Amino acid sequence: DQKDKAAVRKRRLVDGHTEPGDHSQKSAGSVITLHSEAKAEDMALPLNVISDTYHFQFLIVFSSEQEGAYNLYFHNCQNLQNPPMTYNIIVKITEKNPGGYLSAAEIPLFKLYLIMALSFFLAFIIWVYVLHKHRFSVFKIHWLMAALVFTKSIALLFHSVNYYFINTKGQRIASLAVMYYITHVLKGVLLFITIALIGTGWAFVKYILSDK
């Protein structure tokens with residue numbers, strides 16, 4: 001059976017301004033830009049042949065007023081033959097906004113997480129300063145609270161950097177994702193221990209009780 005392989009590259013944008021991407025089949029032909037307002041009969045795509053493989057690629061531009069969910073359909077006219085012609089198809093789709101690979105609602109997240117990380121780190125510094133200033137009336141659980149705030153700030157920092165690389169590179173860095181999950185779990189453990197100690201009264205009430 002004759003097999004046709006088509007590689008379709010589509011980039012979904014909010015407006016028509018974008019940087020050129022890495023097109024693996026760029027030498028086979030130029031990228032055709034299609035505007036959503038164009039009519040169906042005007043959308044003729046050149047078919048490039050490399051060995052026994054057929055390639056075509058195009059760029060679809062959506063304006064901010066046309067945001068929504070869209071479907072991509074492929075129809076093989078050779079299926080009208082008897083018997084129908086079989087084929088394999090490979091579709092590569094790249095969706096990108098002018099501000100990065102994240103959606104419009106997620107683009108500000110890495111800045112938000114960074115600001116929150118700095119806020120928690122500032123709270124950690126202030127808390128440690130207060131503990132040193134009143135060192136004679138400080139319990140061990142106060143230092144545990146400081147460790148909890150510090151761990152929270154580090155977790156938010158890794159989360160912010162993770163979102164930054166997703167937005168700029170289109171994929172997360174595995175090592176940063178692992179570090180975020182480790183610090184996030186550690187933060188949860190410290191929070192549970194702190195709440196448990198305060199709830200049982202071990203850190204304050206039992207501290208002044210004798211062994212009897």
Side-chain angles (χ1 to χ4, degrees), residues 5-28 31 33 50 53 55-62 64 67-74 88-128 143-196:
K5 297 181 180 179
V8 182
R9 185 177 297 272
K10 165 190 165 187
R11 184 173 296 175
R12 177 177 172 183
L13 304 173
V14 174
D15 56 32
H17 302 284
T18 180
E19 298 179 358
D22 181 16
H23 302 291
S24 58
Q25 301 297 334
K26 190 174 182 179
S27 60
V31 179
T33 302
I50 300 178
T53 305
H55 300 267
F56 63 93
Q57 53 190 356
F58 58 92
L59 173 71
I60 297 182
V61 180
F62 295 100
S64 58
E67 296 176 350
Y70 294 86
N71 297 322
L72 178 64
Y73 297 98
F74 176 80
N88 293 333
I89 182 171
I90 300 175
V91 180
K92 296 180 181 179
I93 299 177
T94 302
E95 299 180 357
K96 186 177 181 181
N97 283 315
Y101 287 94
L102 291 174
S103 63
E106 294 178 334
I107 288 177
L109 284 182
F110 77 93
K111 295 181 181 179
L112 176 62
Y113 285 129
L114 180 60
I115 294 175
M116 294 301 297
L118 294 177
S119 301
F120 274 97
F121 186 75
L122 180 61
F124 164 75
I125 294 177
I126 295 175
W127 183 245
V128 172
W143 292 106
L144 184 62
M145 292 177 182
L148 173 61
V149 176
F150 177 77
T151 307
K152 177 67 175 181
S153 66
I154 296 300
L156 288 173
L157 178 62
F158 283 122
H159 206 29
S160 173
V161 175
N162 194 26
Y163 265 100
Y164 173 78
F165 279 104
I166 293 176
N167 188 51
T168 56
K169 305 295 183 180
Q171 59 183 359
R172 65 178 61 191
I173 306 299
S175 57
L176 292 175
V178 171
M179 292 301 298
Y180 163 71
Y181 290 124
I182 292 176
T183 53
H184 184 71
V185 172
L186 182 60
K187 182 262 301 180
V189 172
L190 290 176
L191 178 61
F192 176 79
I193 294 175
T194 303
I195 294 176

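Just so we're clear, the structure is a prediction, and the values are computed from it rather than from any experiment. Along the sequence shown, the residues carry numbers beginning at 1.
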Practice prompt. With rounding to the nearest 0.5 Å, note down the distance linking OH in Tyr164 to CD1 in Ile173.
Written response: 11.0 Å

Item to complete: Report the residues that fulfil side chain to side chain contact (heavy atoms under 4.5 Å, CB included) with Leu122, sequence neighbours left out, ordered by chain and then residue number.
Response: Ile126

Residues 104-119, side-chain donor-acceptor partners within the protein, below 3.5 Å, at least two apart:
{"from": "Ser119", "atom 1": "OG", "to": "Ile115", "atom 2": "O", "distance (Å)": "2.8"}

Worksheet entry | Residues Phe120, Leu156; criterion side-chain contact (heavy atoms from CB on, under 4.5 Å); working and verdict | CA-CA 9 Å; Phe120 274 97; Leu156 288 173; 3.6 Å; yes

Discussion item. Within this structure, what is the CE-NE2 distance for the pair Met179 and His184, rounded to the nearest 0.5 Å?
Written reply: 14.5 Å

Worksheet item: Taking the inter-plane angle between the rings of His159 and Tyr180 on a 0 to 90° scale, is it parallel (under 30°), tilted (30 to 60°) or perpendicular (over 60°)?
Response: parallel

Response to the item:
Nearest heavy-atom contact between Ala146 and Val128 is CB-CG2, 4.3 Å

Worksheet entry | Taking every non-hydrogen atom, the tightest pair across Ile166 and Leu102 | CG2-CD2, 3.5 Å

Worksheet item: Of all residues at least two apart in sequence or in a different chain, which pass the side chain to side chain contact (heavy atoms under 4.5 Å, CB included) check with Ile125?
Response: Phe121

Practice prompt. Kindly indicate, with the supporting measurements, whether the criterion side-chain contact (heavy atoms from CB on, under 4.5 Å) is fulfilled by Leu148 and Lys187.
Written response: CA-CA 6 Å; Leu148 173 61; Lys187 182 262 301 180; 3.9 Å; yes

Worksheet, complete the sentence: CG of Leu186 to CG of Leu191, rounded to nearest 0.5 Å, is 11.0 Å

Worksheet entry | side chain to side chain contact (heavy atoms under 4.5 Å, CB included) partners for Val189, two or more places apart | Val185, Ile193

Worksheet item: How long is the span from the CG atom in Leu176 to the CG atom in Leu157, to the nearest 0.5 Å?
Response: 9.5 Å

Fill in: Under 3.5 Å: donor-acceptor pair, side chain of Ser153, backbone of Phe150
yes

Worksheet entry | Shortest non-hydrogen contact between Met145 and Thr194, atoms and distance | CG-CG2, 4.1 Å

Worksheet entry | Heavy-atom side-chain proximity of Val149 to Trp127 below 4.5 angstrom | no

Practice prompt. Would you give the length of the straight line joining atom CG of Asn167 to atom NZ of Lys96, rounded to the nearest 0.5 angstrom?
Written response: 8.5 Å

Worksheet item: What residues, two or more places apart in sequence or in another chain, satisfy side chain to side chain contact (heavy atoms under 4.5 Å, CB included) together with Ala177?
Response: Asn162, Arg172, Tyr181

